[in-house]
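To start, the structure under review is shown below, and the notes come after it.
Worth knowing before you read on, the calculation uses all heavy atoms, side chains too, and leaves out hydrogens, waters and symmetry mates. So you know, we letter chains A, B, ... as the sequences are listed, proteins then strands, and number each from 1.
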2 protein chains.
Amino acid sequence: MTFEDFKRMVSVSKEEICRKILEGNRDKIKVKKEKKVVENLVKIFDATLEISNREGFSNMTVRNLSKKAGLSMGALYSYFSNKDELLEMIQAQGREISRRVLETQIGPIDDPREKLRRAIQSHLYLSEAMQPWFYFSYIEARNLSKTEQKKAIASEIDSETVFLEIIEEGIRRGFYAVKDITLVAPVLKAMLQDWYLKRWKYKQRKITIDQYADFVVDFIEQYLSK
Amino acid sequence: MTFEDFKRMVSVSKEEICRKILEGNRDKIKVKKEKKVVENLVKIFDATLEISNREGFSNMTVRNLSKKAGLSMGALYSYFSNKDELLEMIQAQGREISRRVLETQIGPIDDPREKLRRAIQSHLYLSEAMQPWFYFSYIEARNLSKTEQKKAIASEIDSETVFLEIIEEGIRRGFYAVKDITLVAPVLKAMLQDWYLKRWKYKQRKITIDQYADFVVDFIEQYLSK
DNA sequence: GTCTATACATAGATAGAC
DNA sequence: GTCTATCTATGTATAGAC
């Protein structure tokens, strides 16, 4: 599967995402016309991600957001009741999509080696297709409330566990060498995150997503091979 | 060399660091008594790092800082002329110390394999000894002015180049396999950074710094080995 | 549903007494 | 060298007209 195939398969269009956000937040959003809501949510999240990823969420004023999104301040507050709620909505949706996509991508695969490759690839592809969301989620997690921070941490641990279990299965089935793998999943996560955290670096050096994916897979497999 | 040896060798005490900051900023700091300055700078940076690493630099108010540092707001402004300058001072000092320590630690070593190991170890040890500084520098780099951001990027590239050149030398001298190493240094950096960015994770799992260092060295060497 | 106008709080920064 | 008091700008959030 290429990156283009991936984008077609998983529905990560802005409208799609905003429709899901609406579903999960009917109580918080005051406006009732579904079409209108989705339309405006796209504007709001686009603007929020753009401003925040440039100058930080706490430096983004609602006035700035209003201007960039093309909605008045009053109108904005019909879609969220305060700034923190806006932050939470984006974070929650990011987690939800990650979990779902990863699950559907690797669920059916049996061979642990193939499964590991696809898990790495899917993770990178998804973070590429939704780069602003992933960057935002990582960087702004610190601005969440204590309870929401716990959810972010749980999500990180969760996706790490997915990798760990694939590797353990690979060892059990004799595909990988028997060795201490405590730190493999954590550093693998770090490598995957670096792709969207340091986009500037890889762009500048003209590294494609497939080159990066191949490298990470190769790197990990060398370590796990007997 | 153990972590304890390292801390004794390189002078990374708060006073030491603040004395260096004073040297580089005599023009910006209005107070003249050297002893007093160092004493207060320690309080100011301690408080800044503590508050910022918890809730972000932009969410830290000068009032909060004043309270935590035990100095009035008026007094604070004798040590920096505005909040951004405070940010820059910390960042500049972090870069300077990193560069210097890394250089002195690996400078004299000849064998590329030994050099690579020491570079990884020193980098981790330093980031451990100065964890709040490193965390702050990474996270708050985005709040710097465009010119200062360029310096931060240059510093990242610079330390990456150190690793790259050691590895190239290792290949030339026949210690490592001849293969494409374009992405080795970037992901190595990502792994080193993860240690101070996700302190909570490694602490919780009781991973020691030496365990982590050994793993990263092993991981990289497996990949580079013929 | 969306706007404008505004209330109210809190931010960064400084002046002038001590 | 340090403090308190205060200025001014800007922040979030809402009320009420359209």
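- With hydrogens and angles left out, the side-chain atoms of A/Asn143 and B/Asn59 include a donor and acceptor closer than 3.5 Å.
- Between B/Phe3 and B/Tyr125, the two ring planes are tilted [angle within 30° to 60°].
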Produce the list of close N/O pairs, under 3.5 Å, pairing protein atoms with atoms of nucleotides 13-15 of chain C; give distances to one decimal.
unit_1	atom_1	unit_2	atom_2	d
C/dA13	OP2	B/Tyr77	OH	2.8
C/dA13	OP2	B/Lys83	N	3.2

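- Ring orientation note: the planes of B/Phe134 and B/Tyr196 are nearly perpendicular, at an angle over 60° on the 30°/60° scale.
- B/Lys30 NZ: more than 12 foreign heavy atoms inside a 6.0 Å radius.
- Rounded to whole angstrom, the span from the CG atom of B/Leu65 across to the P atom of C/dA11 amounts to 13 Å.
- Note that the first and last nucleotides of DNA chain D, 5' to 3', having any atom under 4.0 angstrom from a heavy atom of chain A are D/dG11 to D/dT14.
- As a whole-Å value, the separation of B/Glu85 CD from C/dG12 P is 15 Å.
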Next on the checklist: For a ring pair (Phe, Tyr, Trp, His ring centres under 6.0 Å) check, start with the C-alpha distance between B/Tyr138 and B/Tyr135, then their side-chain angles and the critical distance, and finish with the verdict.
Outcome noted: CA-CA 5 Å; B/Tyr138 187 101; B/Tyr135 184 83; 8.2 Å; no

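- The residue A/Lys30 sits apart from the nucleic acid: no heavy atom pair falls under 4.0 Å.
- When heavy atoms are screened at a 4.0 angstrom cut-off, B/Thr61 is found touching the sugar-phosphate backbone but no base atom.
- Aromatic ring orientation, B/Phe136 versus B/Phe57: perpendicular (interplanar angle above 60°, classes split at 30° and 60°).
- The main-chain N or O of B/Ile157 is found under 3.5 Å from a side-chain atom of B/Thr161 such that the two form a donor-acceptor pair.
- Note: B/Trp133 and B/Phe45 have tilted aromatic rings, judged against thresholds of 30 and 60 degrees for the angle between ring planes.
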